[in-house]
Amino acid sequence: MQWIFSDTLDATDRTAWDQNVEALYNYLRRNNEDTLEQLKELFPRTWDQHTLRPIPFVWRVARELATLYRKRPNREFIAPGMTPDMQARIKSIYRAVDMDLKFRTLQEHLVAMNNACLFFFPVLKEDFQGVQPVIIPPHHCRFQMKPGRAMSLDMHDVEKVWLKLPVYTDATTGLINYGVAVVTENEAYWDDTPDDSMVGQGLWFADRSNPLGLIPCIYLRGTEPRPGEWTAPTDDDLLAAQRAISLGFTDLGQIGRMQGYMQGVIMNMSQQQAEDLELGPESIIGLMDDQDFKYVGGKPPLKDNLENLTAYMNTMLAHLGLNPQTFLKTASVSAVAKQVDLIDRESERQRYVLQFEAAEQKAYEFIRLWINAVRGNGLEVYPFADVEVEYFEPAVPVDVLHTAQAERMQINDGTTTAAEILSKRSGISIAEAERKVEDNLQQTAQLQQILTPDERAAQGRATDSERELSVL
């Protein structure tokens, strides 16, 4: 069944999609195999004489745009009977499975490949039963829709999913051997493995069952796919930019290296005679009257080539919603420029917020269903709940003094509170911010009471403040 990852009804488009997504996936992991392959195609005879100068463009763009989980978001699980203790246990599960890191990586995949896939597997150890979120590369999964549901983008309308999963690593070669698993709403089993020994066996349980009754998968797309397709198109422009930038700088290095050195040239001398010459400060060359020796150097247009490459890169960054100056850090950037850059990204950020709020809801549903299935013994450990997520974007104050004055005016006008400001600034929940503000006010009041003199100080008597300070 390995054919499922290299051939479909539209083999040409599917193969190109796989290749482009795999290349972007590798670039995101700072793997430059694709650049080397492109170099071999351009220079089939001399590619090994070039020194690669790869630029981690895709990796950096993903890091710059995938910012929702740069700070840990605040989650609240709203349900009848949801106790603080239950909230705390759910949040501890999220920390244990590093859910924030999974979502951050998922957004990076979405930025880089325009597609992202997150599955939820059960953990079935003798001493522990739980759930494990697993990010599947988009080119390692295939989706088959239910009859008559080819136009749907709803996971409930997916009949079957094929997953390319690692089975074992060869101890001698270090190579990872993969198999193909099938997941449906009721089953999960191995469809193909390297030595066929596991074919037909259950992926999660010996009876091949999927106790959830649904496919525990979150699939995100950066753009809408064509009607009848499940996956979104690849970021071909981003891939082309990555190749152009890495190959462009590689070319600049090769041109500079090949033409930067002065080449010795002797007129009216055979190649064999020239090879026998010794050059250096302690050598003497005897030339005939009709012979001439000189050094000749090329003048490659390196500056023009670099300007052309930089202009292309700046244009690409601008169309991605990034400020080339702040992205490339080519000059000192003011706080105002950084603030404007964040404002420019806000529209794109809001699109991601809507997507990941829905993904957070699905993630909790899969987590609670797996916990109920492997720990509940038929009972509901965690109930259905609405997940409210608050994301915190790093703020760049333009002027600390004026920012503080503006915040105080907003508090006095009643348009915000100290807790709301602290919540956004520190990336904590409103409730936690309210507790901190209350503690700070109490400590400030106590300090003022200790340090404030009263009328007894003028009469030479010890004040309450002085007595408290003496204790401190």
Side-chain angles (χ1 to χ4, degrees), residues 1-8 11 14-38 40 52 54 56 58-59 62 97-99 101-110 112-125 128 130-144 160-183 187-206 208 210 215-220 231 234 239 242:
M1 290 293 291
Q2 293 285 0
W3 59 268
I4 199 68
F5 293 100
S6 60
D7 188 18
T8 62
R14 189 79 260 171
T15 301
W17 188 91
D18 281 340
Q19 292 173 346
N20 290 347
V21 170
E22 183 176 8
L24 288 166
Y25 177 71
N26 286 334
Y27 281 125
L28 181 61
R29 297 162 55 241
R30 303 182 78 168
N31 181 322
N32 294 283
E33 293 177 2
D34 179 73
T35 303
L36 187 60
E37 292 299 321
Q38 297 296 316
K40 290 180 180 180
L52 279 182
V58 170
W59 174 82
V97 300
D98 214 346
M99 204 65 230
L101 176 60
K102 297 298 182 183
F103 272 124
R104 187 179 69 191
T105 304
L106 197 69
Q107 190 182 9
E108 291 174 356
H109 279 207
L110 189 59
M113 295 174 283
N114 211 34
N115 294 264
C117 181
L118 177 63
F119 254 82
F120 289 82
F121 285 19
V123 177
L124 304 169
K125 300 179 180 179
F128 177 78
V131 60
Q132 177 185 9
V134 180
I135 293 180
I136 307 293
H139 57 294
H140 284 184
C141 50
R142 291 286 183 273
F143 296 82
Q144 178 177 304
K160 184 183 297 186
V161 182
W162 286 271
L163 300 176
K164 184 177 180 181
L165 301 173
V167 178
Y168 64 89
T169 301
D170 190 289
T172 303
T173 63
L175 297 177
I176 300 175
N177 291 269
Y178 289 88
V180 178
V182 172
V183 179
E187 288 187 307
Y189 57 91
W190 287 103
D191 192 46
D192 186 25
T193 54
D195 56 4
D196 294 334
S197 61
M198 298 169 57
V199 173
Q201 295 183 13
L203 175 63
W204 299 325
F205 299 95
R208 302 178 20 146
N210 174 7
I215 299 174
C217 173
I218 297 173
Y219 198 92
L220 302 179
T231 57
T234 58
L239 177 59
Q242 174 67 75

Partner set under salt bridge (charged side-chain N to carboxylate O under 4.0 Å, His left out) for Glu22, not counting sequence neighbours: none
Side-chain donor/acceptor pairs under 3.5 Å, residues 198-206, sequence neighbours excluded:
from	atom 1	to	atom 2	distance (Å)
Gln201	NE2	Ser197	O	3.1

Residues in side chain to side chain donor-acceptor pair (under 3.5 Å) contact with Asn20, at least two apart in sequence or another chain: Asp236
Which atom pairs, one a donor and one an acceptor, fall under 3.5 Å between side chains of residues 165-175 and the rest of the protein, sequence neighbours left out?
from	atom 1	to	atom 2	distance (Å)
Asp170	OD1	Thr172	N	2.8
Asp170	OD1	Thr173	N	3.0
Asp170	OD1	Thr173	OG1	3.4
Thr173	OG1	Leu175	N	3.2

For Glu37, all residues meeting side chain to side chain donor-acceptor pair (under 3.5 Å), sequence neighbours excluded: none
Minimum heavy-atom distance Cys117-Cys141, with the two atoms named: SG-SG, 4.0 Å
Qualifying residues under side chain to side chain donor-acceptor pair (under 3.5 Å), relative to Arg29, sequence neighbours excluded: Asn26
With sequence neighbours excluded, residues passing side chain to side chain donor-acceptor pair (under 3.5 Å) with Tyr219: Asn115
Distance (rounded to the nearest 0.5 Å) between Ile215 CD1 and Asn210 CG: 8.0 Å
Atom pair CH2 (Trp162) and CG (Asp192), whose distance is rounded to the nearest 0.5 Å: 13.0 Å
Inter-residue atom distance Leu220.CG - Asn114.CG, 0.5 Å rounding: 11.0 Å
Criterion side chain to side chain contact (heavy atoms under 4.5 Å, CB included) on Lys102 and Val97, from CA distance to verdict: CA-CA 9 Å; Lys102 297 298 182 183; Val97 300; over 6 Å; no
side-chain contact (heavy atoms from CB on, under 4.5 Å) against Val131, all qualifying residues, sequence neighbours excluded: Phe120, Ile367, Trp370, Ile371
Non-hydrogen side-chain atoms of His109 and Leu28 separated by less than 4.5 Å: yes
Nearest atoms (heavy-atom pairs only) where Pro56 meets Gln242: C-OE1, 4.0 Å
Distance, nearest 0.5 Å, that separates NZ of Lys164 from OH of Tyr178: 6.5 Å
Contacts of Gln19 that satisfy side-chain contact (heavy atoms from CB on, under 4.5 Å) - sequence neighbours left out: Thr15
Spacing of CG belonging to Leu118 relative to CG belonging to Leu110, to within rounding of 0.5 Å: 12.0 Å
Interatomic distance, Thr234 atom OG1 to Asp18 atom CG [nearest 0.5 angstrom]: 10.0 Å
Residues which pass salt bridge (charged side-chain N to carboxylate O under 4.0 Å, His left out) with Glu187, listed by chain and number, not counting sequence neighbours: Arg208
Listed partners of Asp34 passing side-chain contact (heavy atoms from CB on, under 4.5 Å), at least two apart: Ala23, Tyr27, Gln38, Leu239, Arg243
